[in-house]
Amino acid sequence: AFVVYLILQELKMDITKSVLGALLLLFNPLYFNKMYTFHTDIYFMVFMLFSILFYLKSINNSNNITCLVLGSVFSALSILIRQHGAFITAAVFFYYLINKRKLNITIKHLAIILFIPLVTFISHFYWYYFIYGPTKSGAEMLGYTSAAIKMLFFITPYRIFSFFEYTGLFMLPFTVFIMLKLPEYL
């Protein structure tokens with residue numbers, strides 16, 4: 001949550017909005033749910049937020065090379081956790097490419113953005129497909145027809161119920177705010 005505060009400060013938000021943004025993340029019901037599991041969502045989010053923070057610092061500090069390298073390192077770490085972390089690098093690369101003249105960008109800056117995440121992605125791809133290989137359980141899961149039945153009758157209804165449960169939890173702060181402000185309008 002502290003990284004969200006730093007990102008909002010980097011975006012020139014006032015302290016109240018920055019603290020509110022950090023608290024929204026901290027008290028997010030999905031965040032609470034994932035904190036006590038072995039899922040990779042929290043780890044991915046931490047590295048993603050750090051990479052966003054350092055990329056923003058690089059943009060705001062006249063393309064600071066150190067911040068650009070740190071942003072690329074954290075982006076590479078997020079790629080190792082979840083492969084769609086590569087979209088962070090792609091977004092920053094295209095932002096720099098589009099605003100090349102305004103930001104005074106050189107080929108060196110673009111290479112720094114791409115090099116570390118690209119080497120990480122290629123190394124992981126090579127290791128997984130040529131050294132480690134797919135797991136036995138992963139290969140067996142493709143052959144189960146009962147997985148479709150389980151998904152249809154058990155997992156889908158649970159996810160629908162969870163959607164409404166989390167929607168209520170997300171709306172709780174707004175409901176409290178509306179209830180506190182309601183006497184002013186009556």
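What's counted below: heavy atoms across the whole structure, side chains too, no hydrogens, waters or symmetry copies. Residues: numbered from 1 along the sequence shown.
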Could you list the donor-acceptor pairs under 3.5 angstrom formed by side chains in residues 118-126, with sequence neighbours left out?
| unit_1 | atom_1 | unit_2 | atom_2 | d |
| --- | --- | --- | --- | --- |
| Thr120 | OG1 | Ile116 | O | 2.7 |
| Ser123 | OG | Val119 | O | 2.7 |

Show every donor-acceptor pair shorter than 3.5 Å between a side-chain atom in residues 80-95 and any protein atom, with sequence neighbours excluded, or say none if there are none.
| unit_1 | atom_1 | unit_2 | atom_2 | d |
| --- | --- | --- | --- | --- |
| Arg82 | NE | Thr40 | OG1 | 3.0 |
| Arg82 | NH2 | Thr40 | OG1 | 3.3 |
| Arg82 | NH2 | Asp41 | OD1 | 2.4 |
| Thr89 | OG1 | Ser75 | OG | 2.5 |

Less than 3.5 Å apart, which donor and acceptor atoms pair up between the side chains of residues 18-29 and the rest of the protein, not counting sequence neighbours?
| unit_1 | atom_1 | unit_2 | atom_2 | d |
| --- | --- | --- | --- | --- |
| Ser18 | OG | Gln9 | NE2 | 2.7 |
| Ser18 | OG | Asp14 | O | 3.0 |
| Asn28 | OD1 | Leu30 | N | 3.0 |

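Once rounded to the nearest 0.5 Å, the distance linking CD1 of Ile15 with CG of Leu8 reads 12.0 Å. Atom-to-atom distance recorded for Phe54:CZ and Asn64:CG is 10.0 Å, nearest 0.5 angstrom.
With sequence neighbours left out, the side-chain contact (heavy atoms from CB on, under 4.5 Å) criterion links Ser62 to no other residue. For the ring pair (Phe, Tyr, Trp, His ring centres under 6.0 Å) test, residues two or more places apart in sequence or in another chain that qualify with Phe50 are Phe74. Among residues two or more places apart in sequence or in another chain, the side chain to side chain donor-acceptor pair (under 3.5 Å) test is passed with Ser58 by Tyr96. In this structure, the side-chain contact (heavy atoms from CB on, under 4.5 Å) partners of Phe2, at least two apart in sequence or on a different chain, are Tyr5, Leu6. For Asn104, there are no side-chain contact (heavy atoms from CB on, under 4.5 Å) partners at least two apart in sequence or on another chain. Remark: Thr106 engages His109 in a side chain to side chain donor-acceptor pair (under 3.5 Å) (not counting sequence neighbours). Evaluation of the side-chain contact (heavy atoms from CB on, under 4.5 Å) rule for Ile112 yields Ile65, Leu68, Val69, Ser72, Lys108 as partners, not counting sequence neighbours.
Listed by first and then second residue, the salt bridge (charged side-chain N to carboxylate O under 4.0 Å, His left out) pairs that reach into residues 110-132 come to none, sequence neighbours excluded. Residue pairs that meet the salt bridge (charged side-chain N to carboxylate O under 4.0 Å, His left out) test with at least one member in residues 44-70, sequence neighbours left out, are Glu10-Lys57.
The cluster map of Ile, Leu, Val, Met, Phe, Trp and Tyr, joined by side-chain heavy atoms under 4.5 Å apart, puts Leu49 and Ile42 in the same cluster. Neither Val3 nor Ile79 shares a network with the other; the hydrophobic side chains, linked directly or stepwise wherever heavy atoms of I, L, V, M, F, W or Y lie under 4.5 Å apart, form separate groups for each. The same ILVMFWY cluster, assembled from side-chain heavy atoms under 4.5 Å apart, contains both Leu97 and Leu114. Hydrophobic cluster membership is shared by Leu53 and Leu11, with clusters built from Ile, Leu, Val, Met, Phe, Trp and Tyr side chains linked at under 4.5 angstrom.
The side-chain heavy atoms of Leu56 and Ile7, taken from C-beta on, include a pair separated by under 4.5 Å.
Between Tyr55 and Ile113, the shortest heavy-atom contact is OH-O, 4.1 Å.
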